[in-house]
Peer 1: 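The structure's right below; bear with me while I get my questions together.
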Amino acid sequence: MTGGGLTACIIRESMSAVGVRQSHLCLLSVCPSLLPTGMHLESISLWVVVLGLVNHLYFNRHEPQSAILPFVLLVIEPPVFLVVFGAPISWSGSRFLYTYVIFLSSLSLSIVLYRISPFHPLAQYPGPLISKATRLWDLWKAYGGRKYLYHSRLHEMYGPYVRTGPNEISITDIDAVTQILRHGGLNKGRYYERVRQNDIPPSIIHALGEVHTAKRRVWNRALNPTAMHDHEPLIAKRATQFVSRLKEHGTVDIGCWLDMLTFDIMGDVTFGGGFEMLREGRDANGVGERIRAFLTVGNLLAQIPWIMKPVGLIPGVGQAVNEFDKFAQDLAVQRAKNGAAGRKDLWYYIADEADLEQEKPTLQIAAADSFVAVIAASDTTAYTLTSAIWLLLSNPACYQRVQQEIDSVIANGDDPFDANKHRELHYLSGCINETLRLHPALPSNGGTRQVRLEQPGRFISGRYFPPGTNVSVATHSIHRNPDYFSHPSRFLPERWLADSKLEKHEPSAFIPFSLGPANCAGQKFAMREMFGVLCALFKSFEMKFADGFDGEEWPRSIKEIFVVARGSLMVTLTPRNHAI
Ligand code: HEM
């Protein structure tokens with residue numbers, strides 16, 4: 001064996017020992033005999049460029065599951081290459097550095113040129129050059145919480161199909177969106193992978209295929225009309241407490257109080273109680289903070305799924321996620337210990353306490369799913385209610401009309417939570433729909449869907465989506481598309497009334513709860529809650545923006561973090577003589 005061959009052999013062995021698979025070593029097995037002996041810097045540079053191109057070719061076909069392997073390879077390849085192919089060991093550090101620069105430059109350049117070239121499989125889709133070249137641009141927009149607004153502007157410029165990443169298309173064509181989300185459409189993509197990569201069991205949000213179907217069966221049972229009989233009194237009880245707590249204050253951040261209300265409701269409905277934020281007047285356990293930290297970090301990491309694992313290992317970054325998981329586990333353990341408190345809460349169904357499923361979930365799995373109820377139901381509903389109040393206060397004529405309607409349907413002393421009365425509140429229904437249209441709680445419908453890399457490409461609405469394409473459903477843009485709704489940016493609750501005169505109104509383009517088998521499991525619950533809370537508020541108070549509060553500024557505080565985070569909405573409440 002020659003000296004170079006022996007070195008290569010040692011390196012191969014030691015790399016195998018640290019877990020680098022044989023197939024990856026092929027990157028290093030460019031035959032030494034091809035190289036001239038006693039190579040000069042120039043000829044080495046050429047071969048390092050080739051090494052960069054070989055890496056691109058390899059990773060282009062084998063998308064990394066995590067950045068750890070590519071990172072290790074990128075760090076060790078240039079020095080290994082030099083040693084294997086006989087560069088003098090006496091070479092100075094600056095020459096090694098030079099080799100790295102050449103290697104990384106050739107690799108990056110080749111990636112970028114390919115992505116923006118006409119040879120890329122998504123080349124036919126229009127979009128900004130920077131988005132075609134790198135995901136870092138979208139990551140930056142997501143960091144500011146305004147990615148959905150940026151995508152909306154791109155759709156106005158480029159049309160219904162926009163390339164928003166090297167392998168990502170954002171879509172506003174509702175025919176395509178329906179095909180993507182319905183049965184047989186596209187699976188949830190790598191955005192949802194954080195949990196799938198870890199030891200944490202997937203919740204309903206992350207699960208795919210049969211696992212999802214089984215979970216969804218349980219959720220449907222937990223929120224069906226019979227189960228709702230148990231949940232509804234809890235909503236009414238908390239909403240009544242909410243009103244009486246508000247009466248103790250003249251001016252409040254209504255968004256913050258709505259957060260506390262929805263968390264308390266979901267604490268009761270899911271775990272038989274435990275948060276008591278309304279009583280304390282604050283989020284004493286930091287539940288909301290933990291959820292928002294978890295969603296913010298998760299949403300950013302998910303923009304580039306393969307960096308999730310290594311970045312998650314950085315202290316502080318993974319901490320938000322881990323703390324959150326532990327918190328969910330603690331609540332589950334507590335509830336399992338306390339029992340059902342005489343009522344069938346969501347835990348009763350999710351943990352299958354009635355033994356209806358073939359396989360009973362472990363405590364860890366049930367904890368993951370039941371905490372989804374708190375995440376999925378609280379911020380979404382609180383944000384929609386806050387937006388409804390903001391939109392009504394910003395449109396005084398609509399405010400007057402909805403108040404008159406509620407007063408005429410729900411007489412003083414009547415139950416504002418009566419579902420039969422809610423069915424008569426057509427204008428209020430229009431206000432809620434219009435809020436969901438203009439301010440969808442998941443502005444990008446959650447994460448991306450994907451044509452999986454290992455599957456054949458798909459034709460959707462007559463267009464080809466090659467394997468590996470991520471597809472983003474731009475709910476916010478769809479809802480504000482003039483092809484689907486007349487005066488799309490205006491708050492016009494009457495567009496939802498039977499006698500509406502507005503020319504364009506496309507109900508199939510109204511998707512705040514998503515579509516298909518993974519649509520919102522709690523849609524009816526959310527509607528019941530929002531009708532009840534708004535009726536209780538309008539019967540109890542006159543509302544106006546607090547003195548000195550700039551109502552027009554509030555929308556600028558809205559940030560997408562999968563769901564939505566937003567700033568304070570200061571409102572002055574004056575009790576009415578319409579006691580509930
Ligand atoms: C205004 C309030 C709400 C809105 C706008 C909303 C919207 C959505 C959307 C868009 C999704 C799809 C997410 C994705 O594909 O990643 C979703 C999923 C889900 N939502 Fe809601 N939601 C609301 C309230 C609720 C409530 C109150 C509950 C429970 C009581 C709930 C439970 C769920 C669950 C369990 C899922 C996952 C469904 C599945 O994967 O099969 N949501 N929601």
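Counting starts at 1 for both ligands and their atoms, in listed order. When reading the values below, keep in mind they use all heavy atoms of this one structure, side chains included, and skip hydrogens, waters and symmetry mates. The shown structure was predicted, so the numbers you read here are calculated from the model rather than taken from an experiment.
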Peer 1: In ligand 1, which numbered atoms sit nearer than 4.0 Å to a non-hydrogen atom of Ala526?
Peer 2: 2 (C), 24 (C), 27 (C)

Peer 1: Purely on distance, is any nitrogen or oxygen of Tyr192 under 3.5 Å from one on ligand 1?
Peer 2: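 Yes; at least one N/O pair falls below 3.5 Å.
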
Peer 1: Does the side chain of His422 pick up a donor-acceptor pair with the side chain of Arg528 at under 3.5 Å?
Peer 2: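 Looking only at side-chain atoms, Arg528 and His422 do form a donor-acceptor pair, the distance falling under 3.5 Å.
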
Peer 1: Using a 4.5 Å cut-off on heavy atoms from C-beta on, say whether the side chain of Asn224 contacts that of Asn220.
Peer 2: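 No - every pair of side-chain heavy atoms lies 4.5 Å or more apart.
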
Peer 1: Taking only heavy atoms of Asn519, which atoms of ligand 1 are found under 4.0 Å from at least one of them?
Peer 2: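 Near Asn519, the atoms of ligand 1 are 38 (C), 39 (C), 41 (O).
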
Peer 1: Any atoms of ligand 1 less than 4.0 Å from a non-hydrogen atom of Thr384? List them with their elements.
Peer 2: 1 (C)

Peer 1: Verify, without hydrogens or angle tests, whether Lys188 (side chain) and Leu208 (backbone) share a donor-acceptor contact under 3.5 angstrom.
Peer 2: no

Peer 1: With no hydrogens and no angle check, just 3.5 Å: does a side-chain donor-acceptor pair link Ser444 and Glu560?
Peer 2: yes

Peer 1: Return yes or no for this condition: an N or O of Thr381 is under 3.5 Å from an N or O of ligand 1.
Peer 2: no

Peer 1: Counting only heavy atoms closer than 4.0 Å, does ligand 1 sit against the backbone of Lys215, its side chain, both, or neither?
Peer 2: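 Neither; nothing of Lys215 gets under 4.0 Å from ligand 1.
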
Peer 1: Tell me, which protein residue and heavy-atom name are nearest atom 4 (C) of ligand 1, and how many Å apart are they?
Peer 2: Phe513 CE2, 3.4 Å

Peer 1: To which of Gly447, Pro512, Pro517 does the heavy atom nearest atom 7 (C) of ligand 1 belong?
Peer 2: Pro512

Peer 1: Quick one: sort the Phe371 and Phe271 rings into parallel, tilted or perpendicular, breaks at 30° and 60°.
Peer 2: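 Phe371 vs Phe271 ring planes: tilted.
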
Peer 1: Heavy-atom contact check, 4.0 Å cutoff: does Lys188 meet ligand 1?
Peer 2: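 Judged by the 4.0 Å heavy-atom criterion, Lys188 does count as contacting ligand 1.
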
Peer 1: Describe, in one word, how the ring planes of His505 and Trp496 are oriented to each other, choosing from parallel (under 30°), tilted (30 to 60°) and perpendicular (over 60°).
Peer 2: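 Ring orientation of His505 relative to Trp496: perpendicular.
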
Peer 1: Relative to the heavy atoms of Arg216, which atoms of ligand 1 are at a distance of less than 4.0 Å?
Peer 2: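 Taking each heavy atom of Arg216 in turn, ligand 1 has 38 (C), 39 (C), 41 (O) under 4.0 Å.
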
Peer 1: Is the closest side-chain heavy-atom distance between His151 and Lys141 below 4.5 Å?
Peer 2: no

Peer 1: Heavy-atom contact under 4.0 Å between His212 and ligand 1?
Peer 2: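 True for this residue.
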
Peer 1: Under the side chain to side chain donor-acceptor pair (under 3.5 Å) rule, what do Ser429 and His426 come out as? Steps first, then yes or no, please.
Peer 2: CA-CA 5 Å; Ser429 172; His426 304 295; over 6 Å; no

Peer 1: Scan Asp259, Leu393, Leu246 and name whichever one has a side chain to side chain contact (heavy atoms under 4.5 Å, CB included) with Ile254.
Peer 2: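 Only one option passes, and that is Leu246.
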
Peer 1: Of all the atoms in ligand 1, which lie at a distance below 4.0 Å from a heavy atom belonging to Phe562?
Peer 2: 16 (O)

Peer 1: Side chain, backbone, both or neither: which applies to Tyr383 and ligand 1 if a contact is any heavy-atom pair less than 4.0 Å apart?
Peer 2: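 For Tyr383, no heavy atom sits under 4.0 Å from ligand 1.
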
Peer 1: Any donor-acceptor pair under 3.5 Å linking the side-chain atoms of Trp137 with those of Tyr150?
Peer 2: yes

Peer 1: Give the residue and atom name of whichever protein heavy atom lies nearest to atom 13 (C) of ligand 1, and the separation in Å to one decimal.
Peer 2: Leu442 CD2, 3.7 Å

Peer 1: Check Ile204 against ligand 1 and report side chain, backbone, both or neither, counting heavy atoms closer than 4.0 Å.
Peer 2: both

Peer 1: For a 4.5 angstrom cut-off between non-hydrogen side-chain atoms, does Trp554 reach Ser387?
Peer 2: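 Yes - at least one pair of side-chain heavy atoms lies under 4.5 Å apart.
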
Peer 1: With heavy atoms of Ala441 as the reference, note each atom of ligand 1 found under 4.0 Å away.
Peer 2: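 What qualifies from ligand 1 is 5 (C).
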
Peer 1: Which residue and non-hydrogen atom of the protein lie closest to atom 22 (N) of ligand 1, and at what distance in Å?
Peer 2: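 Checking every protein heavy atom, the shortest distance to atom 22 (N) of ligand 1 gives Cys520 SG, 3.0 Å.
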
Peer 1: Please verify the inter-ring angle class for Trp390 with His439; under 30° counts as parallel, over 60° as perpendicular, anything in between as tilted.
Peer 2: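 Rings of Trp390 and His439: parallel, under 30°.
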
Peer 1: State whether the shortest distance between N or O atoms of Thr380 and N or O atoms of ligand 1 falls below 3.5 angstrom.
Peer 2: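 Such a contact does not occur with ligand 1.
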
Peer 1: Please list the nearest protein heavy atom to atom 27 (C) of ligand 1 with its residue and the distance rounded to 0.1 Å.
Peer 2: Ala377 CB, 3.3 Å

Peer 1: For atom 37 (C) of ligand 1, what is the closest protein heavy atom, and at what distance to 0.1 Å?
Peer 2: Ile205 CD1, 3.6 Å

